[in-house]
Amino acid sequence: MLRPADLDALAGWYREHARDLPWRHPDFDAWGTLVSEIMLQQTQVARVRVAIEAWLERWPTPAALADAPTHEVLRQWGTLGYPRRALRLQDAARAIVERHGGVVPRDVDALLALPGIGDYTARAVAVFHFGDRHPVVDTNVRRVVARAVHGQGEQGPAARRDLADVEALLPGDAADAGVLSIALMELGALVCTARAPRCDACPIADACAWRAAGYPAYEGRRAPRQARFAGSDRQARGTVLRALRGLDGPIAEAEAAGLWPDAAQLERALASLAADGLVVREDGSVRLPH
DNA sequence: AAGGCGTGGCT
DNA sequence: TAGCCAAGCCT
């Protein structure tokens, strides 16, 4: 159980050890916060750190991104991965312009209604930028709570009840609740890590149920393992997009055949990329969307 | 609700 | 090294 004294210890630890990240600076506006959170969906902090500045310099407002050519958006996204996020980010920018006058909304339900924004990202913006009181639940928070509160070594697959689970831990004051959320995330990222947790450096080690139980091995359900990447359709998609990003114009489909050894798999990749709106197939060639 | 979806770093 | 993991979202 986390007592008020433990929450204080956590907050104190955060003040002392928090990384100096661009999106934590006070001059970071709501749009910058939203963009950073989208980029951080399954992409490491170190890589987002490098990419965020140029992105915001180029498109400093939702209106600016809404008006950009989509092929340039995909090029600027570069190798951050999961390029559908770039399309949805532009769609979100357009929705912000149309529905909210170009101003990033503060309301969680309005944020959730934007493409590419789910439970985590919506509340991250509402809490970390606007300072409202909501549970912010990412994989780090789920892991720390699984260990410290529930005595489990791993968090298991994400579930709808995670939100209510963390809500129950939050102090009543919005500012205190926000510090707890960001501190839980930072603790999970730096100390209470998935592999080789550094319990000797943990500010709440004395309160940790997992530690108290002697670090029992995890017996619960796990998320299914990812399919192997090498030779996958995903790799084929990535190869096609990488080639298109490096060119100004289209690639003839006959030429595209040279990008991937398995013709049937390449065709699946092209079809799914087109279905996602990441490429356009016309006149026997493939290109990025305008 | 289980699986698809990039890319790179770490062990 | 092969697999795990990373501030998830969508269907």
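To find a chain, count down the sequence lines: A is the first, B the second, and so on, and within it residues start at 1.
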Same-atom distance ([atom1]) from [N] to [M], integer angstrom:
| N | M | atom1 | result |
| --- | --- | --- | --- |
| C:dT1 | B:dG8 | C1' | 16 Å |
| C:dA6 | B:dC5 | C1' | 14 Å |
| B:dG4 | C:dC4 | P | 16 Å |
| C:dA7 | B:dT11 | P | 15 Å |
| B:dA1 | C:dG8 | C1' | 15 Å |

Take a 6.0 Å sphere around CG of A:D276 and say whether it holds more than 12 heavy atoms from other residues, nucleotides or ligands. yes
Check: [Y] main-chain N/O paired with [X] side-chain donor or acceptor under 3.5 Å:
| X | Y | value |
| --- | --- | --- |
| A:E154 | A:R222 | no |
| A:D283 | A:S285 | no |
| A:E186 | A:R19 | yes |
| A:R268 | A:A236 | no |
| A:R123 | A:D119 | yes |

Can you find a pair of side-chain heavy atoms, one from A:E253 and one from A:L270, that are under 4.5 Å apart? yes
Establish, yes or no, whether a centroid distance under 6.0 Å links the rings of A:W59 and A:W31. no
Where each residue is assigned the nucleotide of DNA chain B containing its nearest heavy atom, which of A:G78 and A:P224 is assigned the position nearer the 5′ end? A:P224
Going 5' to 3' through nucleotides 4-11 of chain C and flagging B where a protein heavy-atom sits under 4.0 Å of the base, S where only the sugar-phosphate is that close, and - otherwise, we get BSBBBSS-
Results of ring pair (Phe, Tyr, Trp, His ring centres under 6.0 Å) for A:Y215 - residues two or more places apart only: A:W210
Using Watson-Crick pairs (N1 to N3, plus N6-O4 or O6-N4) and G-U wobble pairs, both distances under 3.5 Å, which stems of at least 3 pairs involve DNA chain C? B:2-5 with C:8-11, B:7-11 with C:2-6
Report which part of the nucleic acid A:P83 touches: base, sugar-phosphate, or nothing (heavy-atom distance under 4.0 Å, all strands). sugar-phosphate
In whole Å, I'd like the distance from the [atom1] atom of [X] to the [atom2] atom of [N].
| X | N | atom1 | atom2 | value |
| --- | --- | --- | --- | --- |
| A:F229 | B:dG4 | CZ | C1' | 13 Å |
| A:L80 | B:dG8 | CG | P | 10 Å |
| A:L278 | B:dT7 | CG | P | 11 Å |

Numerically ordered, the residues 232-246 of chain A set in heavy-atom contact under 4.0 Å with DNA chain B is A:R234, A:R237, A:G238, A:R242, A:R245
Syn or anti for C:dA7 (syn when the glycosidic angle lies within 90° of 0): syn
Decide whether A:E37 and A:Y120 meet the rule of one side-chain donor and one side-chain acceptor closer than 3.5 Å. yes
Set of side-chain hydrogen bond (donor to acceptor under 3.5 Å, both in side chains) partners for A:Q76, sequence neighbours left out: A:R58
The criterion is side-chain hydrogen bond (donor to acceptor under 3.5 Å, both in side chains); which residues satisfy it with A:D162, sequence neighbours excluded? none
For B:dC5, does either OP1 or OP2 sit under 4.0 Å from a side-chain N or O belonging to A:R268? no
